[in-house]
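Count residues from 1 along the sequence.
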Amino acid sequence: MADAAAQGAERAAGAVGRRREAAAAGHTGDAAKARSYLHDPDPMVRSSALRALERAGDLAGQQLAGALDDPAAAVRMTALELAACRSDVTAAAAASLLADDDHRVVEAAAWACGEKVSASGHAPAGHAPAGHAPASGHAGASGSETAAVVEALVRVARSHADALCRESAVAALGAISDRAGLPAILAGLDDKPEVRRRAVIALAPFDGPEVDAALLRASTDRDKQVRAAAAELRGV
């Protein structure tokens, strides 16, 4: 037992060292060093290698797309964060992870979809969850790709078991501002408080009698923050 514990500690220490080396390679521009860690057995080392290559300006779109299929959720999340700012990874590739088994990946995928599609110029940038920087200056999705992404986001917003995933999907639909997503945003006003708050904000790009009625109803919501957001959008 003691030997096994010692070996485990040694492996952990080794992984920490490799992660630091990968991160340092990104800051020094040593792309070859960072690339050598892309297939490390430790997922956090692989994540650091992806970030390092991006920082060094040497992360290929094919490498990033491949990381979306990594067996570790942490690596898939890192890949989604980086892909949100890249035109060489499609919004459809990010949307494929809206069906991921890990709710953290689904949340990150919804955010990435909102960033990538809204970057096409059809809508303002979306809400970035903690740890994610807003995307800017990159190409967005085509019209047909947008329709497919919106459809996938609607499924998450309406039926995902995790409230954070539903909230993130509602935020992405608001960022994309496609009217096909409006019914799912309106449905979010009957969800948990955090989803209702996000749904009110997501209504900002839309107009019409159904939106006015929804904001009026939200202005009497039992949650104070929902009421405040609705009042701000109504201008009262």
Side-chain angles (χ1 to χ4, degrees), residues 7-117 119 126-136 138 141 145 149 152-153 156 160-162 164-165 167-169 171-172:
Q7 290 173 1
E10 184 177 353
R11 285 194 298 271
V16 170
R18 297 195 305 277
R19 185 179 182 185
R20 289 174 178 170
E21 288 183 358
H27 288 287
T28 60
D30 190 347
K33 183 73 170 178
R35 199 175 301 111
S36 70
Y37 289 112
L38 278 177
H39 302 289
D40 192 273
D42 186 273
M44 300 311 295
V45 176
R46 298 198 298 277
S47 289
S48 292
L50 287 171
R51 295 184 188 280
L53 282 172
E54 178 73 1
R55 187 176 293 113
D58 201 54
L59 180 60
Q62 185 176 3
Q63 292 170 326
L64 185 52
L68 293 174
D69 292 324
D70 193 277
V75 180
R76 299 197 298 277
M77 292 167 65
T78 297
L80 284 164
E81 179 183 338
L82 298 176
C85 303
R86 299 276 296 249
S87 61
D88 51 0
V89 178
T90 66
S96 69
L97 292 182
L98 289 171
D100 199 272
D101 291 336
D102 192 301
H103 70 89
R104 298 168 302 169
V105 176
V106 175
E107 183 187 1
W111 170 78
C113 287
E115 289 292 300
K116 291 185 74 64
V117 178
H127 164 72
H132 296 273
S136 60
H138 54 89
E145 190 176 23
V149 171
L153 285 167
V156 175
H160 201 281
D162 188 89
L164 285 175
C165 294
E167 179 186 356
S168 189

Do you know which two heavy atoms are closest between A73 and R104, and how far apart they sit? CB-NH2, 3.6 Å

Are D42 and R19 close enough for a salt bridge, meaning some N to O gap below 4.0 Å? no

Without placing hydrogens or testing angles, list every side-chain donor-acceptor pair under 3.5 Å for residues 62-69, not counting sequence neighbours.
{"unit_1": "Q63", "atom_1": "OE1", "unit_2": "A60", "atom_2": "N", "d": "3.0"}

Would you say that T78 contacts D70 through its side chain, given a criterion of any heavy-atom pair below 4.5 Å between the two side chains? no

Which heavy atom of L153 sits nearest to which heavy atom of A169, and what is that distance? O-CB, 3.6 Å

Determine whether R86 and L59 satisfy the following criterion, side chain to side chain contact (heavy atoms under 4.5 Å, CB included), listing intermediate values before the conclusion. CA-CA 10 Å; R86 299 276 296 249; L59 180 60; 3.7 Å; yes

Look up atom CE in M77 and atom CG in L80, then write down how far apart they are to the nearest 0.5 Å. 8.5 Å

Quick check: closest heavy atoms across R46 and A72, and the distance to 0.1 Å? NH2-CB, 3.6 Å

Considering all heavy atoms of both residues, which atom of V89 and which atom of K116 are nearest to each other, and what is their separation? O-NZ, 2.6 Å

Between the side chain of E145 and the main-chain N/O of A91, is any donor-acceptor distance below 3.5 Å? yes

What distance separates E21 CD from S36 OG, expressed to the nearest 0.5 Å? 8.0 Å

State which residues pass side-chain contact (heavy atoms from CB on, under 4.5 Å) with L164; sequence neighbours excluded, sorted by chain then number. E107, D162, E167

Heavy atoms of P41 and R18 approach each other most closely as CG-NH2, 4.1 Å

Hey, could you give me the CZ/CD distance between R51 and E81, rounded to the nearest 0.5 Å? 4.5 Å

Looking only at heavy atoms, the pair that brings A94 and C113 closest together is C-SG, 3.9 Å

